[in-house]
Amino acid sequence: MTVTVRFAPSPTGNIHIGNARTALFNWLFALKSGGRFILRFDDTDVARSRQEYADQIQTDLHWLGIRPDVTVHQSARFDTYAAAADRLKAAGLLYPCYETAEELELRRKVRLSRRLPPVYGREALRLTGEERAALEAEGRTPYWRFLLPNFDGDPAQPRRTEVRWHDLVRGEETVDLASLSDPVMVRADGTYLYTFTSVVDDADLGISHIIRGDDHVTNTGVQIALFHALGTQSPVFGHHNLLTAASGEGLSKRTGALSVKSLAEDGIEPMAVASLAVLIGTSENVSAMPSMEALATHFDLERTSHSASKFDPADLVQLNRALIHQMPYEDVRDRLARSGVPADRAEALWLAVRGNLDRVSDAARWWRIVDQGPDAAPAFSDEDIGFVRDAFDMLPPEPWDHGTWKVWTERVKEASGRKGKALFAPLRLALTGLSSGPELADLLPLLGRAGTLARRP
Ligand code: GLU
């Protein structure tokens, strides 16, 4: 069987790190099994779906390193849904209902008072053709429910009917279809409910594995029944735990908090986001994985916790730093070029400064310091200024390399009698204008003798 997975966002907002978790779980699952990844936009709600969000979701997935094999829009598939609905109507598996919300609520109360389960009693199934015609003449338009297969001969007598599946994350799961009302699949205005379009598409597109958040576990019993009604084997399911903010609150597309877009704009590396999104809430340690392939080796749905995981944005900065400190020059070449670092100096600059950066963009600041000197003229004590001037008069001749710093400071140490902080701190201040930063042994060759001398106070 070819593995085919899908990520199915509705383009009603920017995706956040929790949505990225779902997308990445699917992507890594496909990557590990040589399968296909479908991006499906659940955009049947035309009032809330926006093209700009769909575009941004594609940008975000690309940024994360996800390359869908196929992209489909539900809004372009209404004919498929109509054909599937017609088939089910013809088979008597979708039936028309006319009750208003108030009528249903009243019936629910009556059932509860009679100690019956508060599910829909399938009264509409018993309507005769004449009664239906009369209701429609009254101006009522039907909506359509799916007849759950939870009875033997008489739909009015549902009996315990267990739907079971082996969940890739949660293990054995069971839903009793007799505990559910026949779900509405088509509204009176002809629009479809998510469950219907989702299952029709999953069947039609040959989805083999549905990996999604555990907020969908309760939909799965009905969806499995619907797959069978459509004459398709149901896919394998895996419901992963959700991420919550540090406060314990769920993440929401609406607030835009922790959107993938905002993290990218904030200079967080895609693999920092991916590493945290995938590894948090699993039995794996959260550490920065340099590539999707490396992350894939740590990805295992079975090792995912069954309860929600708190997510701390501060961890992202930690992971970002860890990634950048090891990041090869090739990975930042283009970005450094775009921020104006000349190609012949960029690699040396990168290797000198990467160990000090929180974000790749901070490298540009170090280039400015190397190229143009400290941001502000350093202020020295009377004692230090003479020391620094004397030190600069002892600079070794070129050519300079990594060893030059040691040669120079040994010489200065001997002549001045200073050592440790008293020796190094004023020199660092003179060279960079700052009290901390990259190894001066690495920076000195970048400055060159003339560049260094230009900093003599
Ligand atoms: N559009 C649905 C959602 O975002 C998809 C759920 C599913 O994966 O079936 O929740």
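Here, residue 1 is the first one in the sequence, and each next residue gets the next number.
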4.5 Å side-chain heavy-atom contact, Ile224 and Trp165: yes
His306 side chain to Asn241 side chain, donor-acceptor N/O pair below 3.5 angstrom: no
ring-ring contact (aromatic ring centres under 6.0 Å, His included) assessment of Phe37 paired with Trp27: CA-CA 6 Å; Phe37 177 102; Trp27 176 247; 5.6 Å; yes
Heavy-atom neighbours of Glu136 CD exceed 12 at 6.0 Å: yes
Aromatic plane relationship, Phe227 with Phe237 - under 30° parallel, 30 to 60° tilted, over 60° perpendicular: perpendicular
Arg212 and His239 side chains, donor-acceptor separation under 3.5 Å: yes
Nearest atoms (heavy-atom pairs only) where Trp367 meets Gly340: NE1-O, 3.8 Å
Heavy-atom side-chain contact between Val72 and Asp201 under 4.5 Å: no
Backbone of Leu39 reached by a side-chain donor or acceptor of Arg6 within 3.5 Å: no
Value rounded to 0.5 Å, distance of CG in Leu93 from CG in Leu147: 6.5 Å
Polar side chain donor-acceptor pair, Arg77 to Thr197, under 3.5 angstrom: no
Lys/Arg N to Asp/Glu carboxylate O, Asp371 vs Arg345, below 4.0 Å: no
Inter-residue atom distance Leu94.CG - Leu226.CG, 0.5 Å rounding: 8.0 Å
Donor-acceptor pair, side chain of Asn14 and main chain of Ser259, under 3.5 angstrom: no
Main-chain N/O of Gly18 paired with His16 side-chain donor or acceptor, under 3.5 Å: yes
Lys/Arg-Asp/Glu bridge criterion (N-O < 4.0 Å) met for Glu172, Arg164: no
Sub-4.5 Å side-chain heavy-atom contact between Pro11 and Gln58: no
Flag if over 12 foreign heavy atoms under 6.0 Å of CD, Glu439: no
ring-ring contact (aromatic ring centres under 6.0 Å, His included) partners of residues 88-130, not counting sequence neighbours, each pair once: none
Over 12 foreign heavy atoms within 6.0 Å of CD, Glu130: no
Value rounded to 0.5 Å, distance of CZ in Arg21 from OG1 in Thr304: 6.0 Å
Parallel, tilted or perpendicular, as decided by the 30° and 60° cut-offs, for the rings of Phe196 and Tyr192: parallel
Distance (rounded to the nearest 0.5 Å) between Thr161 OG1 and Asn150 CG: 5.0 Å
Side chains of Phe29 and Phe299 in contact at under 4.5 Å (non-hydrogen atoms): yes
Asp442/Val353 under side-chain contact (heavy atoms from CB on, under 4.5 Å): CA gap, chis, key distance, verdict: CA-CA 8 Å; Asp442 296 327; Val353 304; over 6 Å; no
Rounded distance (nearest 0.5 Å) linking atom CZ of Arg321 with atom CZ of Arg359: 8.5 Å
Polar side-chain atom of Asp202 near backbone of Pro235 as donor-acceptor pair, under 3.5 Å: no
Expected output: side-chain Arg170 to main-chain Gly238 donor-acceptor under 3.5 Å: no
Short side-chain to backbone donor-acceptor contact, Asn320 and Asp358, under 3.5 Å: yes
For the student: nearest non-hydrogen atoms of Pro96 and Pro142, plus distance: CB-CB, 3.6 Å
Donor-acceptor contact present, side-chain Thr232 to main-chain Ala203, <3.5 Å: no
Over 12 non-hydrogen atoms of neighbours within 6.0 angstrom of NZ in Lys32: yes
Contact check, side chains of Lys89 and Trp144, non-hydrogen atoms, under 4.5 Å: yes
Contact summary for Pro155 and Leu125, nearest pair of heavy atoms: CB-CD1, 3.6 Å
Pair listing, salt bridge (charged side-chain N to carboxylate O under 4.0 Å, His left out) test, anchored in residues 148-160, at least two apart: Asp152-Arg159, Arg160-Glu162, Arg160-Asp176
Sole residue of Glu99, Glu103, Glu131 in salt bridge (Lys or Arg N to Asp or Glu O under 4.0 Å) with Arg140: Glu103
Neighbour count above 12 (heavy atom, 6.0 Å) for Glu105 CD: yes
Salt-bridge present (Asp331, Arg333; N to O < 4.0 Å): no
Heavy-atom pair with the smallest gap, counting every atom of Ala277 and Leu24: CB-CD1, 3.9 Å
Check ion pair Arg122-Asp182 (N to O, under 4.0 angstrom): yes
Test item: side-chain donor near acceptor, Thr191 and Asp189, under 3.5 Å: yes
Short N-O contact, Arg48 and Asp43, less than 4.0 angstrom: no
Whether Ser339 side chain and Leu336 backbone form a donor-acceptor pair below 3.5 Å: yes
Shortest non-hydrogen contact between Val169 and Ser305, atoms and distance: CG1-O, 4.5 Å
Asn285 CG: over 12 foreign heavy atoms closer than 6.0 Å: no
Distance in Å, Trp366 CH2 paired with Leu357 CG, rounded so as to fall on 0.5 Å steps: 9.0 Å
Asp375 bridged to Arg368 by N-O distance under 4.0 Å: yes
Trace of the ring-ring contact (aromatic ring centres under 6.0 Å, His included) decision for Phe25 with His209: CA-CA 11 Å; Phe25 273 28; His209 294 75; over 10 Å; no
Residues, nucleotides or ligands: over 12 heavy atoms within 6.0 Å of Arg114 CZ: no
Residue pair Ile211 / Leu301, side-chain heavy-atom distance below 4.5 Å: yes
Under 3.5 Å: donor-acceptor pair, side chain of Ser181, backbone of Pro183: no
Student check: side-chain heavy atoms of Asp300 and Thr282 closer than 4.5 Å: no
Asp315 (side chain) donor-acceptor with Phe311 (main chain) under 3.5 angstrom: no
Heavy-atom closest contact (Leu446 atom, Ala352 atom, distance): CD1-CB, 4.0 Å
Short N-O contact, Arg303 and Glu284, less than 4.0 angstrom: yes
Close side-chain approach of Phe41 and Ser10, heavy atoms under 4.5 Å: no
